[in-house]
Engineer: 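Starting off with a structure, shown below.
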Number of protein chains: 2
Amino acid sequence: MNLKNQVEWALHCCSVMMGLPQGATLPAKVLAEFHGVPKEYLSKALQSLSQQGIVIGTLGPNGGYRLAKSPDEITFLDIVEAVEGKRSGFSCAEIRGNNPCLPKKHKAGKPCTIARYMWQADEAWRTSLRGVTLAELGRQLAEDVPAEVLSKSHEWLVARG
Amino acid sequence: MNLKNQVEWALHCCSVMMGLPQGATLPAKVLAEFHGVPKEYLSKALQSLSQQGIVIGTLGPNGGYRLAKSPDEITFLDIVEAVEGKRSGFSCAEIRGNNPCLPKKHKAGKPCTIARYMWQADEAWRTSLRGVTLAELGRQLAEDVPAEVLSKSHEWLVARG
DNA sequence: TTAATTACGGATGAATAATATCCGTAATTA
DNA sequence: TAATTACGGATATTATTCATCCGTAATTAA
Ligand code: SF4
Ligand code: SF4
C-alpha cells in the first residue's frame with residue numbers, strides 16, 4: 001500500500017514551477033537534475049500532469065513545462081490523482097458472492113457494507129488532499145525553508161529554464 | 001496504491017466471528033471455504049490479527065479463531081493495520097536533499113512541508129477507519145443483508161465450528 | 001497412549017505491479 | 001537545416017503481492 005515515488009516527484013515539480021516568472025518554462029531535464037531523479041521516468045509523471053491539465057508542456061528549444069492554472073486552483077489531490085489514478089485504494093473482490101448460503105437472486109444488491117466504510121475512509125483522504133492548494137504550500141514553504149535556499153534554488157532554475 | 005486483498009478477507013472474517021456463540025471458534029479452513037479464498041494464505045491474515053490481539057487462535061480439534069474483544073472495542077483501523085501495517089501510504093525519499101543549492105548544514109531540518117501534508121491526509125484516512133467499530137458494522141449488516149441470508153450463514157458456520 | 005486436528009511460522013515459488021530505460025515521432029526555434 | 005523538446009510506445013529490471021508447501025507444537029478425542 002504505497003503511493004508511487006512519482007507522486008513525491010510531481011509535487012516537488014509543481015512546487016518549483018510555482019516560482020517561475022510569467023510564461024517561463026522548465027524542461028524535464030532540468031527538473032530531473034534539480035531533484036536528482038531519472039529524467040525519462042520523471043517525464044512520465046510530467047506527461048500525466050499535462051494530460052490532466054495541471055501543467056502545459058511546450059515543444060522545441062526553450063520549451064518545457066509550466067503550470068496551467070493559478071496555484072490556488074491546483075490542489076494536492078489534483079496532482080496525486082494525476083499520477084496515481086482515481087481508483088480507491090480498497091478494491092473489493094466481491095468475496096461475499098462466494099458465500100455458500102447465498103441465493104442466486106441476491107446478486108444485484110447494492111455495494112457491500114464493508115466496502116462502503118472503506119470507500120468512506122478513502123474519501124476522507126481525498127478530502128484532506130483537496131483542502132491543500134499549491135498556493136498554501138508556497139506560503140508554508142516560505143516559513144519552513146531558509147530564504148537563502150529558496151532564492152538560490154530560484155536562480156539556479158531560472159538560469160536553466 | 002492498493003491495499004492487500006487480505007484486508008478485505010480479514011474484515012469479512014471478523015464480521016462473521018462477531019455472530020459466534022460465546023467461546024465458540026471458527027477454524028481457518030471453515031472461514032476460507034465460506035469466503036472462497038485459499039486457506040493457507042488466509043491463515044497469514046488471521047495470524048496477523050492474532051498477533052495484534054484482535055482475535056485469539058486456539059489449537060487442537062475444535063480449535064480455531066474467535067474475537068479477543070467486544071465488537072465495540074474493535075475498529076476497522078485495528079483490522080486494517082494488523083494486516084496492512086502502520087506505515088503511511090506516502091513514503092518520502094527525501095529528494096529535497098538532492099537540491100544542488102542546498103548547504104550541508106541544512107540536513108537535520110524538520111520533516112518536509114510536502115510530506116507533512118501527505119501524512120495529514122493519511123491521518124484523516126486512519127481517523128475515518130478508527131471511527132467504525134465491528135459493532136456498528138454488525139448493525140449496518142442487519143439492515144443491508146436479508147435476514148434469511150444472515151441466519152442461514154450463521155447456521156452453516158456454527159455447524160462447522 | 002495414540003492419532004487426528006489445529007494454529008503457527010519459516011521457506012519458497014508464481015504472478016503482478018512499480019521502477020526505469022530506450023527509441024522513434026512531431027513540433028518548435030535558432 | 002540542425003538542435004531541442006514533449007510525447008508515447010515498447011521493453012527490461014526490480015520489488016511487492018499472492019500463494020503454496022512443510023515442519024513444529026499444542027490440544028483433544030478415542
Ligand atoms: S462483502 Fe463488501 S468487501 Fe466483501 S466482497 Fe462484498 S463488496 Fe467486497
Ligand atoms: S521535501 Fe518532503 S516530500 Fe520532498 S523529499 Fe523532502 S521530505 Fe520528501
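No hydrogens, no waters, no symmetry mates; every other heavy atom, side chains included, goes into these values. Here is the naming used below: chain letters follow the sequence lines, and residue numbers restart at 1 for every chain.
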Engineer: Consider only side-chain heavy atoms of I, L, V, M, F, W and Y, link residues closer than 4.5 Å, and tell whether A/Ile79 and A/Tyr41 are in one cluster.
Structural biologist: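 Yes, same cluster.
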Engineer: Go through DNA chain C and write down every stem, that is, every run of at least three consecutive Watson-Crick or G-U wobble pairs with distances under 3.5 Å, as range with range.
Structural biologist: C:1-30 with D:1-30
Engineer: Do any pairs count as a salt bridge (charged side-chain N to carboxylate O under 4.0 Å, His left out) and have a residue in residues 32-50 of chain A, sequence neighbours left out, and if so which ones?
Structural biologist: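 Qualifying pairs, neighbours excluded: none.
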Engineer: Applying salt bridge (charged side-chain N to carboxylate O under 4.0 Å, His left out) as the test, list every pair that has at least one member in residues 118-136 of chain B; sequence neighbours left out.
Structural biologist: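 Every pair satisfying salt bridge (charged side-chain N to carboxylate O under 4.0 Å, His left out) with a residue in residues 118-136 of chain B: B/Glu81-B/Arg126, B/Asp122-B/Arg126, B/Glu123-B/Arg130.
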Engineer: Name all residues meeting the side chain to side chain donor-acceptor pair (under 3.5 Å) criterion together with B/Thr58; count only those two or more places apart in sequence or in a different chain, and write none if there are none.
Structural biologist: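 Checked B/Thr58 against side chain to side chain donor-acceptor pair (under 3.5 Å); zero matches.
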Engineer: Please produce a list of atom pairs where a protein N or O lies less than 3.5 Å from an N or O of nucleotides 28-30 of chain C.
Structural biologist:
none

Engineer: For B/Lys152, what residues pass the salt bridge (Lys or Arg N to Asp or Glu O under 4.0 Å) criterion, not counting sequence neighbours?
Structural biologist: B/Glu148
Engineer: Using side-chain contact (heavy atoms from CB on, under 4.5 Å) as the criterion, list what pairs up with B/Asn98, not counting sequence neighbours.
Structural biologist: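 Here the qualifying residues are B/Ile95.
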Engineer: Taking only residues two or more places apart in sequence, or in another chain, which ones meet A/Asp78 in a salt bridge (Lys or Arg N to Asp or Glu O under 4.0 Å)?
Structural biologist: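 Here no residue qualifies.
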Engineer: Mind listing the residues from residues 35-48 of chain A sitting with a heavy atom below 4.0 Å of DNA chain D? Number order is fine.
Structural biologist: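 Listed by number, they are A/Lys44, A/Gln47.
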Engineer: So, using ring pair (Phe, Tyr, Trp, His ring centres under 6.0 Å) as the criterion, who are the partners of B/Phe76 when residues are at least two apart?
Structural biologist: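 For B/Phe76 the ring pair (Phe, Tyr, Trp, His ring centres under 6.0 Å) partners, ignoring immediate neighbours, are A/Tyr117.
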Engineer: With sequence neighbours excluded, tell me which residues meet salt bridge (Lys or Arg N to Asp or Glu O under 4.0 Å) with B/Glu94.
Structural biologist: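 Only B/Arg96 meet the salt bridge (Lys or Arg N to Asp or Glu O under 4.0 Å) criterion with B/Glu94.
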Engineer: Going by heavy atoms closer than 4.0 Å, what residues in residues 11-33 of chain A are next to DNA chain C?
Structural biologist: none
Engineer: Taking CG from A/Leu3 and C1' from C/dA18, how many angstroms apart are they, rounded to a whole number?
Structural biologist: 12 Å
